[in-house]
Undergrad: 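Dumping the structure here so I can ask a few things about it.
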Amino acid sequence: MTDPTQSAPRAAPRYFALIPAAGVGARMGAAGPKQYLPLAGRPMLRHTLQAFLDSPLVVHTYVVVSVDDGYIDAVVADCGARATVLRCGGATRMESIRNGLRAMQGAVAPHDRVLVHDAARPGLTAALIERLVAAAGHDPAGGLLALRVVDTVKSTRAGRVETTPRDGLWLAQTPQMFPAELLLRALEAAPDPDAITDDASAVEMLGLSPRLVEGHPRNLKVTLPADIAIAEMYLTLDKT
Ligand SMILES: Nc1ccn([C@@H]2O[C@H](COP(=O)(O)OP(=O)(O)OP(=O)(O)O)[C@@H](O)[C@H]2O)c(=O)n1
Ligand SMILES: C[C@](O)(CO)[C@H](O)COP(=O)(O)O
């Protein structure tokens, strides 16, 4: 006789990727959206996608693009059945992510994990994905790749230059990984979701502390023109 007080063991979570790729790249100042700029012979977003295609842990990848995106079809043409394009990008990164999560709800169970990763971080690797999943894949508060601050930190907010103690400071990267139900609930509960700059902020507002997992400088966010050469260096080194 089974003990009715014991709930049935929950199936192990599956891991899905959600890549917000509906930005315009204003700070890059390129002719088109930065996520399609060529890096080491391929569009930036194709490199980002490849990290998830290379990871045996990730069952499917969803890419959120703007409704009128004219580039994505060529980028995913050789990705096979493991990538799905969602033409539901919004006016902000958070809106794009919320729209994507809603579109994924039929395919993703509440306890499955969603790894949200910027299209603009093409240096991600399957090994870094596996590092994050190994460290935080079962953590109910989720986790994210991040880098410890090693430089001295200055602040000019008060109209004067002040030094901020760097002990305990990290620079958040992505993927940021959470149970699907928690992430959507956190984003929908955030008082001003379009004012927050990463998904972990919304989860922290619920009183949870996502686990910080050591990332890598190669996983930089390509934001300014000077970032292109750095990203391209890492991607070119991968070919050697
Ligand atoms: N409305 C938006 C804005 C951003 N993003 C995505 O969020 C990621 C990180 O955002 P960011 O680096 O700021 O990209 P952009 O918003 O394109 O850059 P900028 O702020 O310079 O315009 C990028 O992959 C971008 O495509 C998105 O999906 N939808
Ligand atoms: C999510 C993020 O990459 C973590 O560092 C960052 O907050 C994105 O900022 P952006 O201004 O939307 O690029």
Side-chain angles (χ1 to χ4, degrees), residues 17-37 39 43-52 61-72 75-76 83-104 114-124 128-129 132 142-149 153 169-178 183 186-187 190 192-205 210-228 230-231:
L18 169 57
I19 302 175
V24 297
R27 288 170 286 182
M28 180 60 70
K34 66 180 179 183
Q35 57 269 33
Y36 296 110
L37 289 175
L39 291 177
M44 184 189 303
L45 176 53
R46 187 61 185 79
H47 289 286
T48 307
L49 260 173
Q50 194 59 44
F52 294 105
T61 298
Y62 293 87
V63 186
V64 176
V65 300
S66 60
V67 173
D68 58 356
D69 182 296
Y71 305 91
I72 188 63
V75 169
V76 300
T84 298
V85 174
L86 301 173
R87 289 182 177 275
C88 59
T92 66
R93 179 181 184 278
M94 287 303 157
E95 186 177 355
S96 295
I97 292 165
R98 284 199 307 277
N99 291 347
L101 287 171
R102 291 178 185 128
M104 290 164 64
V114 177
L115 288 79
V116 181
H117 182 69
D118 299 324
R121 291 183 186 269
L124 183 68
L128 283 170
I129 293 169
L132 176 62
L144 60 139
L145 294 181
L147 291 182
R148 294 177 189 274
V149 171
V153 179
L169 291 188
W170 295 66
L171 297 176
Q173 297 185 330
T174 64
Q176 302 196 359
M177 171 183 63
F178 306 98
L183 180 54
L187 292 178
D192 185 1
D194 295 324
I196 57 179
T197 55
D198 78 338
D199 311 277
S201 299
V203 173
E204 292 153 26
M205 288 174 188
R211 189 182 300 259
L212 301 182
V213 179
E214 190 72 32
H216 195 284
R218 63 169 292 140
N219 189 32
L220 78 156
K221 181 161 64 73
V222 179
T223 308
L224 304 170
D227 298 329
I228 291 283
I230 300 169

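Both ligands and their constituent atoms are indexed starting at 1 by order of listing. As the structure is a computational prediction, the values presented were derived from the model and not from experiment. The figures here come from the full heavy-atom set of this structure, side chains too, leaving out hydrogens, waters and symmetry mates.
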Undergrad: Considering only NZ, NE, NH1 and NH2 on the basic side and carboxylate oxygens on the acidic side, decide whether K34 and D227 come within less than 4.0 Å.
TA: no
Undergrad: In Å, rounded to the nearest 0.5 Å, how long is the span from CG of L39 to CD1 of I230?
TA: 11.5 Å
Undergrad: For the CE atom of M177 and the CD1 atom of I129, what is their distance to the nearest 0.5 Å?
TA: 10.5 Å
Undergrad: Are the charged groups of R93 and D118 less than 4.0 angstrom apart, N to O?
TA: yes
Undergrad: Applying a heavy-atom distance cut-off of 4.0 Å, which protein residues contact ligand 1?
TA: P20, A21, A22, G23, V24, G25, A26, R27, K34, Q35, G90, A91, T92, R93, S96, D118, A119, A120, K221
Undergrad: Contact residues of ligand 2 with a heavy-atom cut-off of under 4.0 Å?
TA: R27, R93, D118, R121, A172, T174, T197, D198, K221
Undergrad: Taking side-chain hydrogen bond (donor to acceptor under 3.5 Å, both in side chains) as the test, write out the residues that go with D69, two or more places apart.
TA: Y36
Undergrad: Which donor-acceptor pairs under 3.5 Å do the side chains of residues 212-220 make with protein atoms, sequence neighbours left out?
TA:
| from | atom 1 | to | atom 2 | distance (Å) |
| --- | --- | --- | --- | --- |
| H216 | ND1 | R218 | N | 2.9 |
| R218 | NE | G123 | O | 2.5 |
| R218 | NH1 | D238 | OD1 | 2.9 |
| R218 | NH2 | G123 | O | 3.4 |
| R218 | NH2 | D238 | OD2 | 2.6 |
| N219 | ND2 | Q173 | OE1 | 3.0 |
| N219 | ND2 | T174 | O | 2.7 |

Undergrad: Check whether any side-chain heavy atom of M28 sits under 4.5 Å from a side-chain heavy atom of V222, and report yes or no.
TA: yes
Undergrad: Check this for me: R102, atom CZ, are more than 12 non-hydrogen atoms of other residues, nucleotides or ligands nearer than 6.0 Å?
TA: yes
Undergrad: We want to know whether S201 and D198 form a side-chain donor-acceptor pair, criterion being a heavy-atom distance below 3.5 angstrom.
TA: yes
